[in-house]
Every structure is written in structure tokens, then in C-alpha cells.
2 protein chains.
Amino acid sequence: MESPIQQRVTEIRKFNRFYTNIIGLVNQNVLESPYSLAEARVLLEIDAAAACTASNLAEILQIDPGYLSRILRRFKKDGLIETTKSMTDGRSQILSITEKGRATFRQLSDASASQLIQLLEQLPQGAQQTLVQNMAAIQNMLSGQADTSITIRRHRPGDVGYIAYRHGVLYEKEYELDHRFEKYVLQSLIAYLEDPSRGEIWVAECCGAIVGFIGIVGISEKTAQLRWFLIEPDFRGVGLGRKLVSTVMEYCQQKYYNHVFLWTFKGLDAARHLYQSFGFTLTEEKENDTWNNQLIEQRWDVMLGVD
Amino acid sequence: MESPIQQRVTEIRKFNRFYTNIIGLVNQNVLESPYSLAEARVLLEIDAAAACTASNLAEILQIDPGYLSRILRRFKKDGLIETTKSMTDGRSQILSITEKGRATFRQLSDASASQLIQLLEQLPQGAQQTLVQNMAAIQNMLSGQADTSITIRRHRPGDVGYIAYRHGVLYEKEYELDHRFEKYVLQSLIAYLEDPSRGEIWVAECCGAIVGFIGIVGISEKTAQLRWFLIEPDFRGVGLGRKLVSTVMEYCQQKYYNHVFLWTFKGLDAARHLYQSFGFTLTEEKENDTWNNQLIEQRWDVMLGVD
DNA sequence: TAATATTAATTGACTAAGTCAACTATTTTA
DNA sequence: TAAAATAGTTGACTTAGTCAATTAATATTA
């Protein structure tokens with residue numbers, strides 16, 4: 001019995017071992033060249049930076065200054081780099097790559113590129129793109145620069161289809177509901193699109209992916225129905241449900257709806273607590289075997305602005 | 001002007017540089033321990049394998065046998081492992097980890113796990129899951145074990161929503177069509193779900209992701225309409241369109257439809273060629289500014305079984 | 001079955017990679 | 001202006017890793 005986080009650590013380690021090999025493969029050409037990996041990194045860095053000093057490099061590459069000094073001496077002897085005394089600081093010297101150095105670098109670079117191209121060419125175009133996107137996503141997340149907060153926005157073209165899609169997939173997986181349920185959801189969404197003025201749909205996003213949604217539709221002048229409330233399994237239990245329901249409730253108050261109801265299934269305890277905390281009470285239960293399973297539907301109602 | 005594949009190589013390199021640092025970070029605790037990375041890998045491997053010999057290890061870890069021999073000697077001296085002569089081969093000796101060795105290993109392991117946990121804990125639960133999934137996907141693709149072929153299957157719950165979703169997103173991006181188009185697509189899909197017996201929808205998948213789809217619906221006894229034909233941008237130009245249209249055409253022949261038509265937009269040259277190659281001819285053009293843009297709709301028709 | 005080839009593991013001799021502390025020449029700071 | 005800090009270099013060293021030779025056991029084959 002491993003905790004989810006331990007499982008993830010195990011997975012990441014597996015990936016690390018695997019990817020260490022991939023990096024090794026790509027670096028192989030460097031190992032075959034007369035330069036060490038550290039040397040290649042130094043050359044790469046000098047090439048990338050327009051002008052840098054030895055101490056810059058030592059800091060960037062986390063390398064011993066003495067060691068670096070010897071590497072640079074060799075590069076200079078081989079004619080790969082040139083050094084010029086800094087105008088502003090007599091102790092420093094500016095490093096720059098020569099034509100020969102650039103050629104050498106390009107050779108190393110091309111060799112490793114061809115390794116990568118070989119790897120890529122095993123994959124169809126689209127999968128290549130997916131691969132690169134996955135890498136970018138990982139980098140984004142691990143670099144800590146990514147905005148990993150969950151944002152809620154109003155719906156955009158495509159979202160309505162997406163909502164139907166996730167309802168179809170998740171309710172099939174979790175409750176074995178079939179095409180009939182999917183159709184029912186689609187119909188309700190179309191009804192909303194027919195007259196969107198009396199309702200709204202919100203989508204919760206995290207890192208560019210949709211992780212939950214909720215909607216409201218006016219049924220009469222004072223009554224609205226809460227619909228399409230769903231949170232992706234990985235994002236349950238982090239307070240997103242409360243945020244979404246709050247969004248809906250605020251909207252209802254703005255629009256002067258004083259009565260909100262919703263239909264749900266019996267047995268969803270987390271949802272029940274959430275509804276109760278917003279003042280909903282159970283008002284009706286009925287069996288429904290339209291959708292393949294003996295689920296019991298529940299209706300919950302709340303009156304607003306009565307406190 | 002870089003080719004797409006070069007762009008991807010650049011991206012992968014960027015990721016490699018980045019991930020080298022991540023791996024370095026995770027391995028840091030090993031570097032702080034009295035063991036080298038190679039030694040840690042050896043200990044890890046001995047721990048993982050129930051019983052192994054030195055030559056096993058040398059092969060698995062791609063390590064010099066002489067070097068390995070010395071590492072093992074040190075481990076033995078430190079009481080981390082034990083060796084017993086093999087029953088079946090007097091030259092070999094079976095390596096096994098001692099309690100002390102296991103404790104040492106666990107210490108190294110826990111330290112690197114805590115590094116990873118720190119990394120993970122910056123992210124919300126769901127993003128953690130996404131991270132791990134991305135890693136698994138990369139591993140799957142690069143290990144060459146993944147099935148990267150494109151498969152076509154009939155639709156399942158959720159797919160219909162997904163089709164609406166992708167239509168909404170892609171037609172908005174590519175033609176600036178708005179909610180009205182999304183609604184139109186949804187309505188057509190519902191009409192199909194109302195009576196699925198006279199048509200079918202197929203979905204093309206690659207690596208678990210939907211990369212294209214197509215559908216057909218019976219309009220009269222002998223006439224069917226081809227609909228919802230869309231291929232993800234990354235998967236265009238690889239012959240998938242032809243495969244999907246073929247699937248539809250075969251279905252029509254089976255169902256004795258002898259007349260197929262479709263509506264498309266003017267200017268999609270790749271699609272035009274495809275339709276022509278299946279015998280479709282342009283039969284009608286009309287302007288349509290229902291959906292925000294001055295697109296010209298085209299109708300294409302083909303008679304089957306007349307050759 | 002004896003001769004030969006192969007394999008597992010070890011050892012000696014070596015090179016490459018990397019670290020550490022001491023040093024010189026500057027520059028910055030108190 | 002003296003003391004502290006910084007850039008870069010050098011010598012002496014340790015660690016990591018390679019390569020070829022060696023020993024002992026096993027497998028192969030004439």
C-alpha cells in the first residue's frame with residue numbers, strides 16, 4: 001500500500017533511469033569525440049553567450065574554476081576560443097569562440113542532432129509533436145514557472161462539446177452509463193445553447209487543461225437549475241467543487257434567481273456534503289433505469305436570500 | 001527557417017539540458033554520500049535483483065568488469081553485500097545484499113525520494129498526476145514499445161462530445177467560427193444519436209489520443225451524407241484522411257447506399273483532392289454567413305457502384 | 001577424453017576527470 | 001590607503017574509469 005505521492009515518486013524514478021539512458025545515447029557522440037562532456041558543455045556555453053568570462057562559466061556550469069581554467073587553456077591551444085582582456089576589469093578576460101571553435105561545436109551538435117532525429121523518425125509526425133509537448137509540459141511544471149493555480153472562466157467554443165465528452169467518458173467509467181446518457185447530456189447542452197441568455201457555463205482550468213466545469217440554466221423567472229457539474233478525478237478533494245458551486249451561487253444572486261435546484265445520483269457523498277453546506281436539501285428521490293444502471297436520482301433544492 | 005523536425009530537436013535538447021539538472025538534483029544526495037553514482041547504481045541493482053552475479057551486473061549496467069570487481073570488493077569489505085559461490089558454476093558467485101547494505105541503500109533512496117517529494121509538492125495533486133502521465137507517455141514513445149500506428153474504431157461514449165469539442169476549437173482557430181457553428185455541429189450529432197442505426201461514426205486513435213474522425217448518416221434509402229470529417233493538424237498529410245474516407249465508402253457499399261454527398265468549405269485544397277480521388281464532384285456552391293465569416297460552402301456528390 | 005575455446009572474475013598499470021588549497025594580479029570596500 | 005574580495009592560474013592530489021593480462025572454471029569439439 002503505497003501512498004499516491006510515493007507511487008508518483010516511483011514513477012518519476014523509473015522515468016529518470018530511463019531518461020538517463022536517453023541522454024547518454026544523445027551524448028554518445030561527445031564521448032566519441034576528443035572532448036569530455038564537461039568540455040562540450042563549456043564550448044556550448046561559450047558559443048551561446050555572446051561574451052562571457054571564466055568565472056561566469058564556472059558559476060553557470062557549476063564547475064571548479066581550476067578545472068575550467070585548464071579546459072580553457074586547452075581550447076585556446078587548439079584554437080577553439082580566443083581571450084581578450086576585459087576593458088572594465090583587468091583581472092577578467094572575455095572569452096569568445098573562433099570560427100574553428102564554432103565548426104567543432106557544430107560538428108558535435110550535428111552528431112547529437114542526428115541521434116535525436118533517428119529517435120524521432122521512429123514516430124509518426126503527430127506523435128513527435130505530442131512528445132515535444134509532453135516535454136515542454138514537464139519542464140514547465142518542474143521549473144516552477146508554470147502557473148499551477150486553478151482558474152475559472154466562462155465557456156468558449158468547444159467547451160460545450162468537451163463537457164459532453166467528459167460526461168460520456170467518466171459516467172461510463174464510474175457508473176456504466178451508456179450512449180443514452182451521453183445523448184441526454186448533449187440534448188441538455190443544446191437546449192442551453194438555444195438560449196444562453198438565461199444561464200452560463202464555467203470551466204475550471206489548470207495548466208491549460210480543463211479540470212472541471214459547472215453550469216446553470218434558468219427554468220422560470222425565479223428558478224434556475226444547476227447542471228453539468230463535474231470535476232476530473234485527479235482534481236477532486238482540493239476544494240474546486242466548492243469554488244465552482246460558489247461561482248454559480250453568486251451568479252444566481254446577481255440574476256435574482258431565488259430558487260436553485262439540481263439533479264444528482266444517490267451515493268455521491270462528497271457532493272452531498274457540498275450541496276448541504278450551500279443550504280441545499282433533498283426534496284425528491286426516484287429510480288431511473290433509463291441509463292443502463294439502477295441508479296437512484298436525487299433532487300436537491302435551495303432557496304436563496306432568505307437568511 | 002527551421003524544419004519542423006529541427007525545431008523538435010531543438011526543443012528536445014532544451015528539455016535534455018533542463019532534465020539533466022533535475023536528475024542532478026535528485027542524485028545530489030548520492031554525491032553527498034561516500035558512494036559514487038556508479039556505486040549507487042550497483043547497490044540498487046543488487047537490491048532489486050533477487051540474485052545476480054558480477055557479470056550480470058556488468059552487462060546490465062554497462063560497466064567495466066574490472067571496475068565493478070573493485071566496487072564489489074569495497075562493498076564486501078564494508079559489509080554491504082555477501083557473496084556465495086554458485087552451485088551450478090564454480091566461476092560465478094552469487095551476490096546478495098545484507099541488512100546493512102539494504103539500510104544504506106534505503107538511506108540513499110529515501111534522501112532522493114524526499115528531493116522528489118519536494119519537487120512534487122509544489123504542484124497541485126492533479127498536476128502531479130499529469131506530470132507522471134507525461135513522463136510515462138515520453139517513455140512509452142521513446143522506448144519504441146509504444147504502438148504508434150493509427151487505428152480506426154467505431155465510436156464509444158464520450159466520442160460524440162469530443163467531436164463537437166474539436167470542431168468547436170479547431171474551426172474557431174482556423175476559420176473564426178463561433179458558438180453558432182458549435183451548436184450546429186452538436187445538433188447534427190444529436191440527430192445522429194436519435195437514430196444511429198442508419199449511420200456510423202469512426203474515430204482514429206494514435207497513442208491513446210483521438211487524432212481524427214469521420215461519420216456517415218443515411219438521408220434517404222439510397223443516399224448518405226458524409227459528416228464530421230476532421231483530422232488534428234499534427235496528423236494531417238500522413239494519409240489518414242484517405243483511410244477515413246475509405247472506411248466510410250466501404251460502409252456505404254455494405255449498406256447499399258449508392259449516393260454519397262458532403263458539405264465542405266471552399267479553399268480546403270487537400271480535402272478537395274481527396275474527395276476528387278474518391279470520385280466526388282462539386283455540385284453546388286453557396287455563401288453562408290451564418291457563422292461569422294464569409295465562407296463559401298461547397299457540396300460534393302458521388303454515385304457508387306456505377307463503374 | 002584430451003585439447004581448445006570460452007567465460008567469470010580479478011589484478012596491475014594506466015589515463016582521464018575532477019577537487020582542493022595555495023598563489024598572483026587586480027579591484028572593491030572600509 | 002590598508003584590508004578584504006575577486007578573477008584566474010597552478011601544483012599536488014584523489015577518484016573514476018579503462019584496458020590488457022591473468023587465473024580458474026566451464027563448454028566445445030576433434
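Quick note: numbers below take in every heavy atom, side chains included, and nothing from hydrogens, waters or symmetry partners. Here is the naming used below: chain letters follow the sequence lines, and residue numbers restart at 1 for every chain.
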- prompt: For N56(A) and dG8(D), what is the distance between atoms CG and C1' respectively, to the nearest whole Å?
  reply: 13 Å
- prompt: When the ring centroid of Y35(B) is compared with that of F105(B), is the distance short of 6.0 Å?
  reply: no
- prompt: Should the ring pair F15(A) and F18(A) be called parallel, tilted or perpendicular, given that the plane angle runs from 0 to 90° and is split at 30 and 60?
  reply: tilted
- prompt: Does D64(B) come within less than 4.0 Å of R70(B), counting only side-chain N to carboxylate O?
  reply: no
query: How does protein reach along nucleotides 17-27 of chain C, written 5' to 3' as B (base within reach of a heavy atom under 4.0 Å), S (only sugar-phosphate), or - (no contact)?
result: SSBB----BBS
- request: Check whether any side-chain nitrogen or oxygen of S55(A) sits under 4.0 Å from OP1 or OP2 of dG8(D), and answer yes or no.
  value: yes
query: Could E99(A) and R102(A) be called an ion pair, given the rule that one side-chain N must be under 4.0 Å from one carboxylate O?
result: yes
- prompt: Could you state the CD-C1' distance from Q93(B) to dT7(C), rounded to the nearest angstrom?
  reply: 14 Å
- request: Indicate yes or no: does E174(B) engage R236(B) in a salt bridge with an N to O separation below 4.0 Å.
  value: yes
- prompt: Looking at R166(B) and E232(B), does any basic side-chain N land under 4.0 Å from a carboxylate oxygen?
  reply: yes
- prompt: Rounded to the Å, how far apart are I60(A) CD1 and dA7(D) P?
  reply: 13 Å
field: Distance below 4.0 Å between R73(B) side-chain N/O and dT11(C) OP1 or OP2
entry: yes
- request: May I ask you to say what T53(A) touches in the nucleic acid, namely base, sugar-phosphate or nothing, with a heavy-atom cut-off under 4.0 Å?
  value: sugar-phosphate
